[in-house]
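Step one of this worksheet: look at the structure below.
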Amino acid sequence: MARRLEIRNKRQKPIEKQTTDWRLGFWNCRSLNFLGFEFALANELQPRNFNVVALQEVCLEEEQVLNWPGQLTNSRFFLSGGTDKKLGSGFIVRDKMQYRVFGFIAFSERMCELRIRGRFFNYSIINVHCLHEEKTDDEKETFYATLEDVHDGCPRQDVKIIIGDLNARLPWNGGQEHLLSSQGHPQSHLDIT
């Protein structure tokens, strides 16, 4: 009996598995142009437990990287802002994910890219705030040509993710209701007979 206990005590203890999962989200926040916005963001994002959040319409100026130390705001904010405090996009990277970021490029106030180091491959996350239908066709073609160039400019081996406010318009009576999922607007799910 003593021999069994001795062998059992010499066995290697299981190593705690390291989690490599992380959560990505996006939010059109409409404006962060007010005093104390970092605490308001922290209060909104803390219960949702996202590691990386893509933000649109931040309404802040310039391209910048802000560190927010502290218990509530242990985050880094990567900002691609405009010149007139309109629009702007960016990323909030929280907690330990900050150390996995190794690249940030601001292309315009509507588009930026964040590169994150992964275990087997890297991630290129492209944050976009697309143009509305009211814009001219030339502006829309220029925007989508830039998006295509940014996407093609990412390394081939990276996982490419396009996320953000795509300003999609759902057809209300366009006859394509069968193509929409059940998460859409209730009026878009008419009976098709």
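Values below: every heavy atom of this structure, side chains too, minus hydrogens, waters and symmetry copies. Note that this is a predicted model, so its numbers are computed, not measured.
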Decide side chain to side chain contact (heavy atoms under 4.5 Å, CB included) for Leu24 and Tyr123; before the verdict, give the C-alpha distance in whole Å, the side-chain angles of both, and the deciding distance to 0.1 Å. CA-CA 11 Å; Leu24 172 66; Tyr123 300 92; over 6 Å; no

Set out, in order, the CA-CA distance, both residues' side-chain angles and the distance that settles side chain to side chain contact (heavy atoms under 4.5 Å, CB included) for Ser80 and Phe107, then state yes or no. CA-CA 8 Å; Ser80 171; Phe107 296 103; over 6 Å; no

Given the rule in the side chain to side chain contact (heavy atoms under 4.5 Å, CB included) test, do Leu114 and Val93 qualify, once you have shown the distances and angles that lead to the verdict? CA-CA 10 Å; Leu114 186 73; Val93 183; 3.8 Å; yes

For Asn122 and Phe102, run side chain to side chain contact (heavy atoms under 4.5 Å, CB included): C-alpha distance rounded to whole Å, both residues' side-chain angles, the deciding distance at 0.1 Å, then the answer. CA-CA 10 Å; Asn122 298 327; Phe102 68 96; 3.6 Å; yes

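Rounding to the nearest 0.5 Å gives a distance of 9.5 Å between CD1 of Ile161 and CD1 of Ile126. We find the CH2-CD1 distance between Trp27 and Ile92 to be 8.0 Å, quoted to the nearest 0.5 Å. Distance OG1/Thr142 to CG/Leu147: 12.5 Å, rounded to 0.5 Å. The structure places CH2 of Trp22 at 14.0 Å from CG of Asp95, a figure rounded to the nearest 0.5 Å. If you take CZ on Phe78 and CD on Gln98, they are separated by 7.5 Å, rounding to the nearest 0.5 Å. Once rounded to the nearest 0.5 Å, the distance linking NZ of Lys160 with SG of Cys154 reads 6.0 Å.
Across all non-hydrogen atoms, the minimal contact from Ser124 to Arg115 is OG-NE, 3.5 Å. The two residues Ser75 and Arg94 come nearest to each other via the heavy atoms OG-CG, 3.5 Å. The minimum heavy-atom distance between Ser89 and Val58, with the atom names listed, is N-CG2, 4.0 Å. Of all the heavy atoms in Phe91 and Phe104, the pair that sits closest is CD1-CE1, 4.1 Å.
By the 6.0 Å contact criterion, NZ on Lys140 is enclosed, its count of non-hydrogen atoms from other residues, nucleotides or ligands being greater than 12.
Note: the hydrophobic cluster containing Phe77 does not contain Leu87 (ILVMFWY, side chain heavy atoms under 4.5 Å, direct or indirect links). Following chains of ILVMFWY side-chain contacts shorter than 4.5 Å, one cannot reach Phe121 starting from Tyr99, and the two form parts of different hydrophobic clusters.
Put simply, the residue from Asn28, Asp165, Asn127, Asn167 that forms a side-chain hydrogen bond (donor to acceptor under 3.5 Å, both in side chains) with Gln56 is Asn127.
For Glu44, there are no side-chain hydrogen bond (donor to acceptor under 3.5 Å, both in side chains) partners at least two apart in sequence or on another chain.
A donor-acceptor pair under 3.5 Å is formed between the side chain of Arg100 and the backbone N or O of Arg117.
Applying the ring-ring contact (aromatic ring centres under 6.0 Å, His included) test to pairs two or more places apart or on separate chains, none has a residue in residues 140-159.
Between Val101 and Arg76 the shortest side-chain heavy-atom distance does not fall below 4.5 Å.
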